[in-house]
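A short worksheet on the structure shown next.
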Amino acid sequence: MLDKIFYNTVLCQTFSPCGKYLVAGNIYGQLAVFDLDNIFNPVIELLTPDYNKPKHIHTLESENQVCSLVSTENFLIVGSVNEILGWNWKSVIHPKLGKPAWTIRIQPKSVIEKCDINYLWYSEEEGKLYAGCGDNNIYIYNLEDGRLMSKLEGHEDYIHCLHGNGNQLISAGEDGKVLLWDTRTKKSHNKIEPYNNSKVARPDIGKWMGAAALGDDWIVCGGGPRLALWHLRSLDAVTVFDIPDHGIHVSFFHDDCVFAGGAAKHLYQLSYSGDIRVELPVSSTTVYSAVLRTSPHKVLTIAGSSPEIDLCTTFNYRDQVLHFR
Amino acid sequence: MGKDDTSTKKRRKLNTTSSSDNNAKQTPVDIYKKVVEFEEAEAQLRSADKDAALFKKIYQDVRQIFAEIAELKQKGTDEAKEKINVKRVEASLHLVALKKLNRLEKVRTRAGREALHKEKQRVDSTHLLLQNLLYEADHLNKEVTKCLQFKSKDEEIELIPLEEFYKEAPSEISRPEVTKADEHQLQLARLEWELRQRRELAGACSELVASKECVAAAIAAARSRLDALSPHLKDVLKATKPLQECLALRLDEKRDEIRAASLLPPPLFLLYANASAYYDALGANNVVVGISGDEDEAKRLDQLSNVESELVVSNDSDSDQENNYEEPRDKKKRHHRGTKISREEKAEAKKKEVLKKHPLNVKLTVKISEGTALNLIFSYMIHLKIVVVKYTLELSLPIIGVSAADVLNGDCILNELYIGDNGNDSPHPATSYLLNAAGIVEDFNYFIPEVGRPYIWAQRMCGLDFMAVTGDEKKSNIIQPSQSLSVVSVENFIFTLKKRLKSRVELMKELQNLESGKIIPEKSLGFPLRLSGSLIHWQSVGWNEYSQPTSTSFLISEGQVSADYMLYRAIITRQSAKLVAFVAVSSDYPKKAPLFSLTLNWNGTHTAGTSDDIRDIERIINTNWTNDGKKSTLTTQMEKLLTCLDILLETTGSLEFPPDKVMFQPVRGRNRMKPYRFIKQGTGVFVQY
C-alpha cells in the first residue's frame, strides 16, 4: 500500500501575521507549518536538506479534512467539518499542537450529512468572520465573543468561495450562482448566473462557480463556466479570459492584475483586457489555493492536489518547491 | 709571349728540318744514338742558368744581325750585299747555337720529370706500408680488449664470503700466506673449497633419499594391509542385511545417506543437517529433504583435496572456526575450497573450473496443500564459494491463462522473498575478483541461467554470511556462528516460502478469473450492488509497455514500481467510456497491495496528472487511508475500481449513465469530491470519504 501522502491534496493555506510562517491544510486533517525564514534568509552553512519540508505537521483530533484557513492578528482559524477551530499562533508554532483556544460548532441538518466549512473570510475593520459552508449558508460570527451574528441564506448548493469589499460581500456556489450581499442589510441584492451566459458557459465541465472576488468596480469569477471579468454595476461580462483550464478554483485581484488557477497546468496572471501576463507552471493537478503577501517579503504560494507547494518570490517564475509530505 | 711562341715554332720547324736532314744524311742509328747520349750527358753537365744567359745573349746577337742586315738592305749596295751574306752566315751559326740550347733544355726537362715521378712512387709505397701497420695495430688492440673482457665460469659460482672462508677452510686449502697476497690464488683456493663442500652435501642428499624410499615402502606395505581388510568388513556388513530386513531397521539406507552427507561440502552439509532435523520434527507433509548427485565423483574430489590439504591448511584460517561446530568426519573435506586455479589452463577450461559445482547437491521439497510443491536444488560452487539454487514446481491443478501461469513461473516466485534479494548477483564480495582472476570478463549474473541463482537466503540457510547489505533483517549485520544462523534461516525460509507459495497460488486463481473477465466478489465485503462496467481485457505487459504511458510516470518517478514487479494491463468499459488500468503487483503480494495507474477515455483522456477525479480513485485504490481494516486483494481492488468508475460516470450527469446508486451529495467540498465510499445503511448509500 502506498502512503496516502503521495496523494496529498492541499485545500487551503495562510500566512502567519508576521509573515514568517506558512500554514497549509490537507484533506487528511493535517496542518503543515513551514518556516519561511530558511527560504528568505538562507544561511548556507545551517541549511539542512529538509529545509523545504514542514517544520511541524499537526493532525486534527477529528482527522476531518481541513477545508479552509484564515489568520487574524492572534489566531489561526481552521475550517474543518462541522466546526471552526481557533488556535493561538504561539501554540501553532509549538511542536505539539494543544487544544484549540476556541471552537464554533455548526450543526448539520442530519447525522449522515456533514457541513464543510468550505471558505473563511475575515473582515478586519468589522472584526467579523464570514464562513461559507457546505449547508448552502453563509454564517457571520463576531470574533470578540464567538457569537453567531447572522446567517445568509440564498444559495441552493454549497458555497465554494467568499470575498468582501467595503459593505459588499460576494459568494460563489456549486449551484452556479454568484451572489452579491449587502453586509448591512444581510440581504442578497444582486446575482450573476454565468452558466446562463453563452459567452462563458461550459456545460461539459459544469455550472458550478469555484471562485469569485470583488474589486472596486469589477468582479472576477469562474468555475465550470469560463473565468470572466464582470462589471460590478451593470453585471455584464466585459472580458472573458481565454485560458486552457478545466475548471477555476482560485481567482483574485492584485495590482491591476487577475490571478487565476484551477484544473490547469499553470497559474495565470491576466490583465483586465484579457492578455496573459505571466504563466506560472504549477506542480498540482488542480490548484485549490494560492495565497499572496507583499510584506515583509513578496511571496506567492500555490497549492492543490499534490504533495508539492510552489513558492514564488517574484510572481514571475517558480523558484522553490515546498514538500508537504 | 707571342713572340716567344712564334720563335719556338720557328725553331721547331728549323729543328725538324735539320733533324730530317740529319736522318737523311747519316743513315746508321748508332750515330744518332750516340749524339743523343752525348747531348744528354752534356745537358747534365751544363748549368741551366748559364745556358739561359747564353741563350739570351745569342738571341740579342741575332736581333742585332737582323737589324744590321735590314740597314744594309736599305743601302742596297753591292758591298752591302756581301756584308749581308756574311751576316747571314753569322746569323745561321747563331741559330744553330740556339737550336743546340733548345735541345739541351728539352733533355733537361725530361730528366727532371722522370726524377719527380720516381720520387712520387716512393712516397706512395711508404704510405701503403703505414696503412698496413696501423691496421695491424688496431687489430691487436681489439684482441687485447677481448681478452680483458673475458668472463670465467667461476664468477657465476656463488662462493662463501671471504671471512667465513678463512675461518672454516683448512689451512692447506686456504693457504693464507699465498692467497692474502695473490688474488688469483685466493680465487682458486675458494673454488677448491666450494667443490669439496658440494661433494659432501651431494653425498648427504643421496643418503637421505635412500632412507625416505625405505620409509615409503614401509607405509605402502601398511596401507595394502589395511586395504585388504576392507572387503572383509563389507562381507560382514552384507551378512547383517537379512537380519536388518528381518528387524525392519533402515540402518543401511540411513547409512547411505549419511555417507553421502559426509561427502557434502560443509555449507550444504549444514543445510542438510538442519533441514532433515526440521523434517524429522514436522514430518513429511511440509518438507522433504534429500541428497542427489554423483557420489563417486564426490569421493574422487574428496581424495584429491586430501592430497592438497597439507599445502592449504595453513592459510585456510576462517574454516577453523567452523570446525568447532561440525562433525569431525566432515573435517577433511573443507580443503578443496582452497584449491588453486592453475593459470596454465586454457580460458575455456578455466571458466568451467571456476564455475564448477560440487557433484553432490541437496534437494529440498516444500509442500503446501493440494499437492502443490516446490523443489529446490541447492548446489555449492566450489571455487566461488557460494550456494546457487535451481527449482521446479509441481502443481496439482492445470493452469489456464497466460498471465496466471507467469505468476507461478520463472524466477517470479522466489524473487524478493526477502526485501532486495532478487538473486541477480553473487552475495559474495570476492566473486568478481575470482572471476577476474580466471580471466572471465562477464559478470556473475551472465552465468545465472546456467548455474542457478545465488539468493542471499540460500547462503544464510547454508550458514554462509557474507555481511551483504540486505537491510531487511537486522541480524544479517551481526556476526553469528554459522550453525545457529543456518538453523534460524532454514525455519524462517520454509515458513516464508510456504506463505509465498500459498499467496501465489491464490493470486494465480484470481488472475485466472480476471483473465477470463470474471470478477468474483467476496461475500464478506457485502457489495450487493450491480457493477455496470465490465472487464474486457486482462493481459500481462512488459516494463517497456508499462513505463510508456503518462499515467504510470508518477509511480515510477516516486520509485514505487520497478521492473521487478509483475505488470498487467486491464481494460474496463462501460458504454462509451473506457478505463485503462496498468496494475503493478509486487512479488511480495499480498503483503504489498497491487498499485493501479488509471487512464480514462471519455470526453477526452484523463489521468491522475490532469484530472483530480482519476487521482481520487487512484488514492482510494492504492492507499489504505480509508482504514476499512480489510485486507486488499487484487479482486477487491478491482471491485473498488469498478464501483468508483460507476460513481464517477454517474455523477457527471450525462444521460448515457443514469444514476443507479444512492448517494447523498453527488459532489462535496471545494475539491468536488465524488462519493466513493459505501456505507451499509438501508440498501446502502455512497458518501464522500
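No hydrogens, no waters, no symmetry mates; every other heavy atom, side chains included, goes into these values. To find a chain, count down the sequence lines: A is the first, B the second, and so on, and within it residues start at 1.
Interface remark: Ser611(B) contributes backbone atoms only to the contact with chain A (heavy atom separation under 4.5 Å). Proximity to chain B (any heavy atom under 4.5 Å) is shown, for Asn118(A), by both the backbone and the side chain. Both the backbone and the side chain of Phe6(A) come within contact range of chain B, with heavy atoms under 4.5 Å apart.
Rounding to the nearest 0.5 angstrom, the gap separating the OG1 atom in Thr652(B) from the CG atom in Asp204(A) is 11.0 Å. Rounding to the nearest 0.5 Å gives a distance of 8.5 Å between CD of Gln560(B) and CG of Asp3(A). Rounding to the nearest 0.5 angstrom, the gap separating the NZ atom in Lys4(A) from the CG atom in Asn622(B) is 15.0 Å. We find the CG-OG1 distance between Asn671(B) and Thr285(A) to be 12.0 Å, quoted to the nearest 0.5 Å.
Taking 4.0 Å as the cut-off between side-chain N and carboxylate O, Arg668(B) and Glu174(A) do not count as a salt-bridged pair.
Heavy-atom neighbours of Lys177(A) NZ from other residues, nucleotides or ligands within 6.0 Å: above the threshold of 12. Shown here is Glu61(A), whose CD atom has no more than 12 heavy atoms of other residues, nucleotides or ligands within 6.0 Å. Within a 6.0 Å sphere centred on OH of Tyr119(A), other residues, nucleotides and ligands contribute 12 heavy atoms or fewer.
The heavy-atom pair separating Asp612(B) from Ser305(A) by the smallest distance is OD1-OG, 2.7 Å. Across all non-hydrogen atoms, the minimal contact from Tyr7(A) to Arg619(B) is O-NH2, 2.6 Å.
Most heavy-atom pairs under 4.5 Å with chain B, from the set Asn8(A), Asn64(A), Ile5(A), Val81(A): that is Asn8(A).
Using a 4.5 Å heavy-atom cutoff, the side chains of Gln65(A) and Met673(B) are not in contact. Between Thr610(B) and His246(A), the closest side-chain pair of non-hydrogen atoms is not below 4.5 Å.
Defined by atom type and a distance below 3.5 Å, a donor-acceptor pair is present between the side-chain atoms of Arg615(B) and Thr9(A).
Formation of a donor-acceptor pair under 3.5 Å by the Arg670(B) side chain with backbone atoms of His249(A) is found in this model. Without hydrogens or angle criteria, Tyr158(A) side chain to Gly669(B) main chain gives a donor-acceptor distance under 3.5 Å.
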